[in-house]
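Notes follow once the structure below has been shown.
Along the sequence shown, the residues carry numbers beginning at 1. All figures in this text were calculated on a predicted structure; none of them were measured in a lab.
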Amino acid sequence: MDKTGSKKVPKKRSPRKPKMVEHLRASAQEFANREIGWLHFNRRVLAQAEDERHPILERVRFLSISGSNLDEFFMKRVGGLKRQKAFGVTAKSADGQLPTEQLQAIRSFLLPMLKEQAACFEKLKNKLLQHKIALLKWKDLSAQERDQVKDYYIKNVFPVLTPLSVDPGHPFPFISNLSTSLGVTLRHPDQDEKLFARVKIPRVLPSWIVVENSQGEKRFVRLLEVIQENLAELFPAMEVLNIMPFRLIRNADIDRDEEDVEDLIEMIEEELRQRRFAEVVCLVHGPNPDPWMLKFLTDELELGENDVYEDAGELDYTDLNLIADLPIPDLRFEACNPVVPAVFADETHSIFAAIKESDFLFHHPYESFSATIEKFIFEAATDPKVLAIKMTLYRTGDHSPFIKSLIRAAEGGKQVVCLIELKARFDEERNIYWAQALENAGVHVVYGVVGLKTHAKTSLVVRQEPEGLRSYAHIGTGNYNVATAKLYTDVGLLTSRDEITNDVVEFFHYLTGRSLKKDYKYLLVAPVNMVQKFKLMINREGEHAQAGRPAHIIAKFNNMEENDIGLALYAASQKGQRLISLCGVSAVSDPASQGCLIDCGWSRLLVATWSTRGFSTFGMGPRIPLMEISLLDQQTGWVGTFTPESRQLSQF
C-alpha cells in the first residue's frame, strides 16, 4: 500500500541481459567447469543408490535425491545458461567455455547419467521384490487386483482429472513446472486429422497406489500407469492413437534487478509469479515416444532437439519418496542418536551459565542440535532476564520451533529482530509466510540486504546480569532447520566472549541499519574483508612451508567458485610438500598440471549424513594443534575462521 492506501502495482520489468564477468585467467588448464563439477557430485549421489552395502530403502532415497538434484540443476544452472545464450552473452566460464559450449557439455554428461538412473531403478525394483515390496505395472496385476485398482480409480482419481484438448476453440494449455502429464493423440471417428490432448497427473493424490494383498507383500502400482490404462473413459467415442508420458522443467533463473526496487518482498512475490510462467528449459519423455506428438510439443514449447531427454525409468524420481518412507526399520540405516553434552542435559543448569563458563563447539548431527542450539533460543525466549534476541534465518523448514520461540519472545515484550533471507532459492514462498507471521507478532523483520544474499547463520542474545549486560552468540554453518540438522554435517559455536559478541552486535547493525563498518576485529564479513583475509592466510601458510616451518591447510568445500582463492591455493601448494588437503566440489581443476601438491578426498564426503557445509584449518602442521578453524558456506565458499589462540571468528 502507498500513503493513500492504494495497492501498489509492481513495476513491469523487461528482461535484462545477465551480468557476467569473465575472469582474467579463465582457462581449462587451471579450473574445472562449475556445471560439470556439480554433475560429477550428483553422479556420486547416484553411486550411493547403486551401493549394495546400503539398506534398500536408503538406496531408493538416494535415487530420489539424485532425481531431485537434477531438477534443480535444470531450473537453475541450465536455465541460467540458456538465458545467457538467448542474450548473446560471450563471457567465458572459469574454464574458458561459452554458454553454448557448456550446454553441449552438460547434455553429453547427462545422457549417460539418465541411462544409469533408469538402470539403477530396475535393479532397485528387483531388490525390493526380494523384500516383498513390489513396484508393479498394470499388466502384472491379477484380474482381482485390477478390479480393486479400477474401483479406486473411479472413486478417487477419475473426478479429479481434467483432460485438455487442443483445437481452434481450445488453445495449447499451460503446463506447470515439474508437472508430469500424459500426452494423448486422438482422432475423431469421422475425421482424419490428429488431435492433441493433455492429462495432468494430479499431485494431490499419492503417486503410487497400494494394492491390497493378503500374502504379506507390499504391492504398488503407479498412479500414472493406472490413468494411462483407463484413458479411454476420458475420451468416449474418440480413438486414442497414442499415449506419451512427459514432464516439463521451467527456468528458475529469473532476472532480478534490485537497484531500483522499492519493496523487496514485493519484488520476490513478483519473481515467484514470473517463475510459474518462465520458459521451458527441458522436456523429458518416456521410451518409444510418438514422433508426431513429440514434434507438436517441441514446436508449441519452442524447444530444440537438445532440450529433449528420454528417461526409460521414472519421469519423476522424487515420487519414490513414498516407497523410501515405508516404516520398515530393518531396511533403513540404523537410527543415530545424537550425543547431548552433559551440561546441556542438566535441566537445572542454565544454558547461559554454561556458555558463560566455557565456549562450546558442536559437530552436528553427531551432537544434538535440538538440545543445544534450539534450546539456546528457546531459553532466551522464556528467560525474563533476556532483553533482546537477534537472528538470521535462511531456510527454516515447516513448523519451525525457532519461529515459535521468536514469536513468544516478542509477545513477552522482548526486542526481537530477525533477518529472513527472501532470496533463498525455492524457499522464497515459505520465507515470505514466516516473515509475515513474525511481523504480525511484533518482531522487527528485515528482508535481507539489497544486492546481496545473506548466508550467515548467526544469533545474538542480550541478557541483563548482575555485572551488567552480557551478550551470547551462536555462529555456525547449516541452517536453523531442525529437519536438515539431523541429516547434514555442520559445526557451530556458542560463546559469550566479548571480543566475539561485540563484533556480532556490529554485524547485526550492518544487516539491519545500513552500517558501513569495515574494521571488524574478529569477524570476516563478506563482501567487506573475507576474500582478502583468506588470501593472506593462504599466503602465510605458503611462506611457512617455503621457509621449512610446519604448515598445512585443510579445506572442505561444497562449491568453491572464487577463482582468486583457487589461484592462491595453487601458489601456496607449490611452496610446500602436501601443504593443502581439499575435499568436496571445488573449482580446482587439475592441481598436478600446475605443479601443485594437493590431496583431494572426494569419495569420503557422501555417506549416510550429508556434508553440505564444511570447514578449513590453517595450522602449523600435523604435530601442532590446529590453530584456526574456518566455517564454509555451500554457495559462497569459506564462511569464516575461529582461532583458539586469538579467539578470532569469521562469519559469512
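- Of the possible donor and acceptor atoms, none in the side chain of S515 sits under 3.5 Å from a partner among the backbone N and O of H509.
- At a threshold of 4.5 Å between non-hydrogen side-chain atoms, the residues R203 and D319 count as touching.
- Every residue was checked against the salt bridge (Lys or Arg N to Asp or Glu O under 4.0 Å) condition with D311, not counting sequence neighbours, and none meets it.
- In this view, K82 and D307 satisfy the salt bridge (Lys or Arg N to Asp or Glu O under 4.0 Å) rule, not counting sequence neighbours.
- Residues satisfying the ring-ring contact (aromatic ring centres under 6.0 Å, His included) test with H364, not counting sequence neighbours, are F362, F369.
- Using a 4.5 Å heavy-atom cutoff, the side chains of E279 and E302 are not in contact.
- Considering only residues two or more places apart in sequence or on other chains, F109 meets the ring-ring contact (aromatic ring centres under 6.0 Å, His included) condition with H40.
- Shown here are the salt bridge (Lys or Arg N to Asp or Glu O under 4.0 Å) partners of K295, two or more places apart in sequence or in another chain: D299.
- Ring planes of Y510 and Y520: perpendicular class, angle over 60° (limits at 30 and 60°).
- The shortest heavy-atom contact between L178 and M75 is CD1-CE, 4.1 Å.
- Between D490 and G478, the shortest heavy-atom contact is OD1-N, 3.2 Å.
- Remark: side-chain polar atoms of T512 are paired, donor with acceptor, to backbone N or O of F508 under 3.5 angstrom.
- Evaluation of the ring-ring contact (aromatic ring centres under 6.0 Å, His included) rule for F74 yields Y309 as partners, not counting sequence neighbours.
- Minimum heavy-atom separation, R395 to N479: O-CB, 3.3 Å.
- Contacts of V308 classified as side chain to side chain contact (heavy atoms under 4.5 Å, CB included), with partners at least two apart in sequence or in another chain: L283, H285, L294, T298.
- Contacts of S66 classified as side-chain hydrogen bond (donor to acceptor under 3.5 Å, both in side chains), with partners at least two apart in sequence or in another chain: N42, Q117.
- Remark: the backbone N or O of L569 is paired with a side-chain donor or acceptor of S573 at under 3.5 angstrom.
- At least one donor-acceptor pair under 3.5 Å links the side chain of R107 to the backbone N or O of N306.
- Side chain of D51 to backbone of A47: no donor-acceptor contact under 3.5 angstrom is found.
- Electrostatic pairing of D519 and K521 does not count as a salt bridge here, judged by no charged N lying under 4.0 Å from a carboxylate O.
- When the side-chain hydrogen bond (donor to acceptor under 3.5 Å, both in side chains) test is applied to R61, the partners found at least two apart in sequence or on another chain are N321, D325.
- Residues T454 and Y394 approach most closely at O-CD1, 3.4 Å, considering heavy atoms.
- In terms of the side chain to side chain contact (heavy atoms under 4.5 Å, CB included) criterion, K115 has no residue partners (sequence neighbours excluded).
- Taking 4.5 Å as the limit, some side-chain heavy atom of W434 sits within range of a side-chain heavy atom of T396.
- Within the 4.5 Å cutoff, the side chain of L70 has heavy atoms near those of the M113 side chain.
- Looking only at distances, no side-chain donor or acceptor of E310 sits under 3.5 Å from a matching main-chain atom of P287.
- With sequence neighbours excluded, the residues satisfying ring-ring contact (aromatic ring centres under 6.0 Å, His included) with F73 are W38.
- By the salt bridge (Lys or Arg N to Asp or Glu O under 4.0 Å) test, E116 pairs with R43, sequence neighbours left out.
- Between K517 and D503, no side-chain nitrogen of the basic residue sits less than 4.0 Å from a carboxylate oxygen of the acidic one, so the salt-bridge criterion is not met.
- The backbone N or O of R250 lies less than 3.5 Å from a partner atom in the side chain of N177, making a donor-acceptor pair.
- When side chains are defined from C-beta on, R77 does not count as touching L39, because their heavy atoms never get closer than 4.5 Å.
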Requested in this report: Assess whether side chain to side chain donor-acceptor pair (under 3.5 Å) is satisfied between N33 and E35, documenting all intermediate values.
Outcome: CA-CA 6 Å; N33 183 267; E35 321 304 346; over 6 Å; no

